[in-house]
Every structure is written in C-alpha cells, then in structure tokens.
2 protein chains.
Amino acid sequence: MSVTAPLGFRAAGVVAGLKESGDRDLALVVNDGPSRAAAGVFTRNRVKAAPVLWSQQVLSGGRVRAVVLNSGGANACTGPAGFQDTHSTAERVATVLGDSAGEIAVCSTGLIGERLPMDELLAGVDRAAAELSRDGGTAAADAIRTTDKVGKIAFRRAPAGYTIGAMAKGAGMLAPSLATMLCVITTDADLDAALLDRALRSATAVTLDRLDADGCLSTNDTVLLLASGASRVAPGEAEFTALLTDVCADLTRQLLLDAEGASKAIAIEVVGAANDFDAVMVGRAVARNNLLKCAIHGEDPNWGRVLGAVGTTEAVFDPDALNVAINGVWVCRDGAAGDDRSKVDLKPRDVTITIDLSAGASTATVWTTDLTAEYVHENSAYST
Amino acid sequence: MSVTAPLGFRAAGVVAGLKESGDRDLALVVNDGPSRAAAGVFTRNRVKAAPVLWSQQVLSGGRVRAVVLNSGGANACTGPAGFQDTHSTAERVATVLGDSAGEIAVCSTGLIGERLPMDELLAGVDRAAAELSRDGGTAAADAIRTTDKVGKIAFRRAPAGYTIGAMAKGAGMLAPSLATMLCVITTDADLDAALLDRALRSATAVTLDRLDADGCLSTNDTVLLLASGASRVAPGEAEFTALLTDVCADLTRQLLLDAEGASKAIAIEVVGAANDFDAVMVGRAVARNNLLKCAIHGEDPNWGRVLGAVGTTEAVFDPDALNVAINGVWVCRDGAAGDDRSKVDLKPRDVTITIDLSAGASTATVWTTDLTAEYVHENSAYST
C-alpha cells in the first residue's frame, strides 16, 4: 500500500538503468489533489546534495504536486552541473504531468560525487509516468532501496476516515539528524501546509531523528509529507500528529532492524534527566560510542562504557548518582557496580540500556545498532 | 631508557598479580630531586576514575615525589571505596619512600567498574620499591601495557645538557581529549611547576590531544610531567616546550601505529581554515566518521565521505569551495569530483587526507586509524 494507501495518490517504481544490478531505481509519487499542501524536513549537513537544495526551495512554497526519487546516485558534491541535472529532472516530471517544475520535489540516493546518467534517468521518468497507478506504492518503495534488504512501508487508517501512508529507505548512513535518507509520507486528510509542517517536525523529532546507527549525517536526508485532501476529512492537529508519529515510529523500527550489518537493535532509554535536551544529548552520546557498540555486539554488559560515554556530555548529573540497567538488570548503581552482571541476558536481538541520571524527570529514547565486522565489510567495499 | 633517561629518576616494573596473564602490571617512578616540580593534564571526561580525582589534587600542589601506575584494573566507577583504594596505594608508596602521600600521584588502567585486589597491589608496591633503579624505565613502560602490543618509550637529550624521557600506554580508547590513557614524562631540567604546566599543555595540545582513534574519551587519561632539576640546567621556555613537543609527537606516532586492530595510520591535514579552532574541529569530525574509516580500510578514496563529515561542523567554509586530496591526489575540487580517483594509491599503511577549506590560513593535523573487523573483534571480546 505504502504511499498509495491514501486517496488522491498514484505512484510507480521502474527500472531506469541507474543501478548496475538492473533493479528498480526510479520512483514517482503524484498527488492528484484536490489539495497539494506539503511539508518537508531535510538533512542538517551543510554539504547538501543538489536535490536537497532544490526540494528545500520547492517546499518553501508549501505545495508539492509530485516527488521523483532515484537510487543509484546521490547527486551530491556534483557542483552546478549536478544542480542543473536535478532541475532538468523536475522539468521532465512537470512536462509529463502538464504541471509546474516549481512544485516537483526531487530526492536522490546512492554514491556521492558522481553525475547521474541523465539520458537514462529522464527516459525513466517518462516510463514511470506511464506506469503511475493507485497500487504503485510498493513498487515505488522497492525502487528507492540502496543497500536496504527490504522495502519499508507503513500505513494507518484513522477512525475519522482519513489515511496516512509512507515509504522509506535507509540502511546505512542512518543519521543523527534524520535517520533515513529518503522518506515520503502521504495523507488524504485535508490540512494546510503550516499544520503539516508542525506535525512533521513534531513526529520526526521523537522518531526518525532519534535513530542514530553510526552517527554519520547524510548529505541527502529528506522526509516529505504530502496531503491530497481527497478524504475531505480535516482532523485536529493533535490527533493527526499522533497518528503521523505512529507511522514514523513504525518506519524507524523498520530502519533499525535493517541497518547495515547490525545484529542488535539497541534502545537507549534515558530517564531522570534535568530536561529533554539533556536526555537526548546523553542518548546520542551513548548511541555513538564505538566501544559500547562493540561490547553489545559481543553480548558483554560492559556498563563502564555507558558511564564513559555519559561523562563526555554536558548534561546535568553527578557521576556518583548514575544508575544503569541493561535488559532490566541494574548493573550499575550510584556510579559503581550494582547487581550481578552475569544476570544480564544479551542473547536477544533487542537490547535496552536504561540510564538514570538522577537529575530530574525528563526522558528520551534513542535507538542504535551494534558495531559489527559486517558493518565494516559493507562500508569498506561499498564504492569499489 | 624511558623515564629513567634523565638524571634524578629511578623506576621499576613488577608483577603484582593484577593481570591474569602473569605479566608485569605495576610500575613505580620516583623523582629523587633535588626539585620535584610537576604538572599534569587529565581526561575531560566528567566520569573520572578514582586515581584521576586523586592525582588532580596532588598536582594542584605542583609537586610530585613519585608516580605509581597499575594495569589490570582502571579503578573507575568504583565509588568511595575505590577512592579509598587509591588513597591507600599512595600511602603505601609514601611509607616505603619515607615521604608524604600528598605528593604521590596514582594512575590506573584496565577494566572499568571493578575494585582492585588491594593485597596484591600493595605487596606489589613494596616489591617495586625494592627494585627501583636507574635503568628501570623499560620495565616500568612494560608494566603499564594493557592491549598494547609494544611498550612506548622516548627520550631526547638537549645540546644544552638536559634530558627528557617518557613512557606511555594506550592502544584502545585513544581519546579526543588525550590520546593515551597513561603517560609519564620526566626531565632533569630545572624548571618550576608553572612553566612545566604551560609547556605540557602546549605540547599535548598539538600531539597527544590530536590523536583520535575511536572518538571515545577515557575515564583515566593522565599525562604527568616531573622535573628533578638534577642537570642544574634551566632552559628557556620556548626551547624546552619545543623539545617536549617533539617527545610527545614521538609517543603519539607510537600510539597511532599500535592502535587496536588498525591497518592504516591516517593523518588528516586541514588547511585553509579561518582559524585554529575550525581546523581542529574539522579534523576531529573527519577522524570520527565511521563510514570514512571503513572506506579507507577498504582502500577506497571515497572523498564524498570526507565532505559529508566536514558538512557536520560549524566551521567557516563554502561547500562549493572545498578541495580534498588523498595521498596527494586532489580527488575533489570546488566541492565536486576533481582528479581521477584511480590515481590514488591507498596500499601504504600511511594515508594522508588533505582538506582545503578555502576560508583562511590556519592549519591543523589530526591523526586517526581505519575501522576494521579486528577493532570490532578486540572490543567485543575485551571484558569477557
């Protein structure tokens, strides 16, 4: 179902010939309205790919008719010529839809630093436009995969009579600012761009933005939210935001489970923080600690690594008041050894590390993976 | 030679029984004067091991008679009882030397979160004191090893007639703030504590502090500088600082080459920075990028990873004016593909990545290693 679950959307995923594998590599998602309100959040990396620079301009208008996405090349670090390639791609989509390029968003993913083969890509746009359909969402989700083992899709139907659908890709470069390189969310709710923007920022802040697989911030991260209004239902902001958050949490979990080379899905729960900022900061510091990520891979409840990571932050805490539980066993109490670490069972794939800062009542959860030899292998062999 | 190269120092390295391997695990370095001026720099981790808390107090007085160091246990995250263990260790050294515990520094390295076996450790102090000698420096350097494959020692004789000697350990947890867990530097120059402090901070800032193997900041990092004054030579501050920097650079190189599981020694040279702060910030961001470290391991000149890391910083730069050379080949010019990347030879162990920010005249070099399956293996099997 994916992005075509809501009314008013068509999609397609085709083989444009950008991937050497011959797999699908170009997706098109079209909003047939009646509304075309939209919002987007983008990577915080200052080195932004051409399609990010383009789509930020498009989204500043709050309206999107269609999104064209390609795998097989990130079109990042490609200079003015690369930006022109993105512009040409949007123009081609506009032409085939009889619409304005200024309302066509573009997303790309793949290797950095290489120009896209534009003849193949533009022919792919034509082919995708010809294949647009109400059940094209799954093919579109397949077409945006890079090293993803599986396509990621989600949808929810609200009792009030509207639907949210989504697709995402991202199995590496899961980033501190946005966990997925590319994510398109659609809804047939009737909402304006300002509300969509608030809802999207709120939802991603506690889901996709808290998935930190390797601390590496992509040049291409993009999350778009498109509303067709075709259900004629205008839900309240709180209700819509809650459902959108649920969809984003679903995608976050899928991204976590498919992260490159990972054998553990680690939830870092920070509790007792003085404020939300501290809670997230501590969660991220622990999520990025390579030594801890290796220890969890080795099924070693090495809580010293957790304290070492907490200590690198500016959060409010007293080192002698820190408590740490691993999979429910409080192996560290008051900054020193607590319950018997041999009671910790680290065999399951899901691992929960709870850190009590004893400094307040704020909490946050950040998700990460373990660090494995497979991660090293995949990322040392990626471009060659 | 190590720490006993300068006049006025004796040292020993003995088997106290802290390591299961039965290798040497306790070192003692004694300054016989006539001066006992000293300076220290310590980890910036807020979770500090008991010996760090103790030695910071000792160094606040600017005088050190002796340093006792143990491997086989970090005495970190051990609570008030662990601090008492450190105190008792200093007292025992003071007793055998007939001196004050307030001028005995203590350093520990090994697993976090476990108490030290004090009976063995204190008996080891007695044994080390009995074995103190003018040629004990090498045994002391051997005794502080943990996963270090080799002991690290250095010394320099100044034409002016004084000497600097040093030993260090650290093959993992090479940290952003201090690259080695433990380092003791001795000199027979006659210098006061204030000058030693300035010289040590200046020297470590451009050497040990710029070695960032895995971004993980230890709870125990300590660098101590002890001056006996036995040469009766009082060099100028600039001259002494230059020689001290040379010694620290030598140790930094040894630490880099022995980093856990590394197959590449990577120098990240940042040039054209607006200021020194920017240059170091960019160097560290690149040094900590797991994806780049994997790519270099795979001998893949993936300059896009470099730009992706640079873009995460707040440094002054224009993404379209970034240039990157890998081993001398400018594979990225003006933020896009430059010279043919197939010309880059990444087979040698030493790799140099030059990043031109085109924003000023400041430069800095940060050293790091590649990320390997061996690193994962060593750190996933460390405590179990």
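These values consider heavy atoms only, across backbone and side chains, with no hydrogens, waters or symmetry-generated copies. Each chain gets a letter, A, B and so on, in the order the sequences are listed, and its residues count up from 1.
Put simply, of A:Asp320, A:Ile296, A:Thr313, A:Val310, the one with the most heavy-atom pairs under 4.5 Å next to chain B is A:Thr313. The choice from A:Gly304, A:Ala373, A:Ala336, A:Cys77 that makes the most heavy-atom pairs within less than 4.5 Å of chain B is A:Cys77. Counting heavy-atom pairs under 4.5 Å between each of A:Gly311, A:Ala285, A:Ala309 and chain B puts A:Gly311 at the top. The greatest number of non-hydrogen atom pairs below 4.5 Å with chain B, out of A:Leu371, A:Thr78, A:Asp370, is found for A:Leu371. Comparing A:Gly335, A:Ala337, A:Gly79 by how many heavy-atom pairs each has under 4.5 Å with chain B, the most go to A:Gly335. With respect to chain A, the highest number of heavy-atom pairs below 4.5 Å among B:Gly113, B:Pro80, B:Ala74 belongs to B:Gly113. Of all the listed residues (A:Asp318, A:Leu322, A:Asn289, A:Leu307), the one sharing the greatest number of non-hydrogen pairs under 4.5 Å with chain B is A:Leu307.
Proximity to chain A is absent for every atom of B:Leu292, based on heavy atoms less than 4.5 angstrom apart. Looking at B:Asn290, both its backbone and its side chain come within 4.5 Å of chain A, counting heavy atoms on both sides. For chain A, the nearby parts of B:Thr312 are the backbone and the side chain; heavy atoms of each come within less than 4.5 Å.
Of the listed residues (A:Val331, A:Val329, A:Ile326), just one forms a side chain to side chain contact (heavy atoms under 4.5 Å, CB included) with A:Arg341, and that residue is A:Val331. Put simply, the residue from A:Asn323, A:Asp356, A:Val324 that forms a side chain to side chain contact (heavy atoms under 4.5 Å, CB included) with A:Arg333 is A:Asn323.
By the 4.0 Å N-to-carboxylate-O rule, A:Arg44 lies too far from A:Asp221 to be salt-bridged with it. Contact check on B:Arg46 versus A:Glu314 returns no salt bridge, with no Lys/Arg side-chain nitrogen under 4.0 Å from an Asp/Glu carboxylate oxygen.
In this structure, the side chain of A:Thr43 does not engage the main chain of A:Asn220 through any donor-acceptor pair within 3.5 Å. At least one donor-acceptor pair under 3.5 Å links the side chain of A:Lys264 to the backbone N or O of A:Lys347.
Here the closest heavy-atom approach between residue A:Met118 and residue A:Ser88 is recorded as CE-CB, 4.2 Å.
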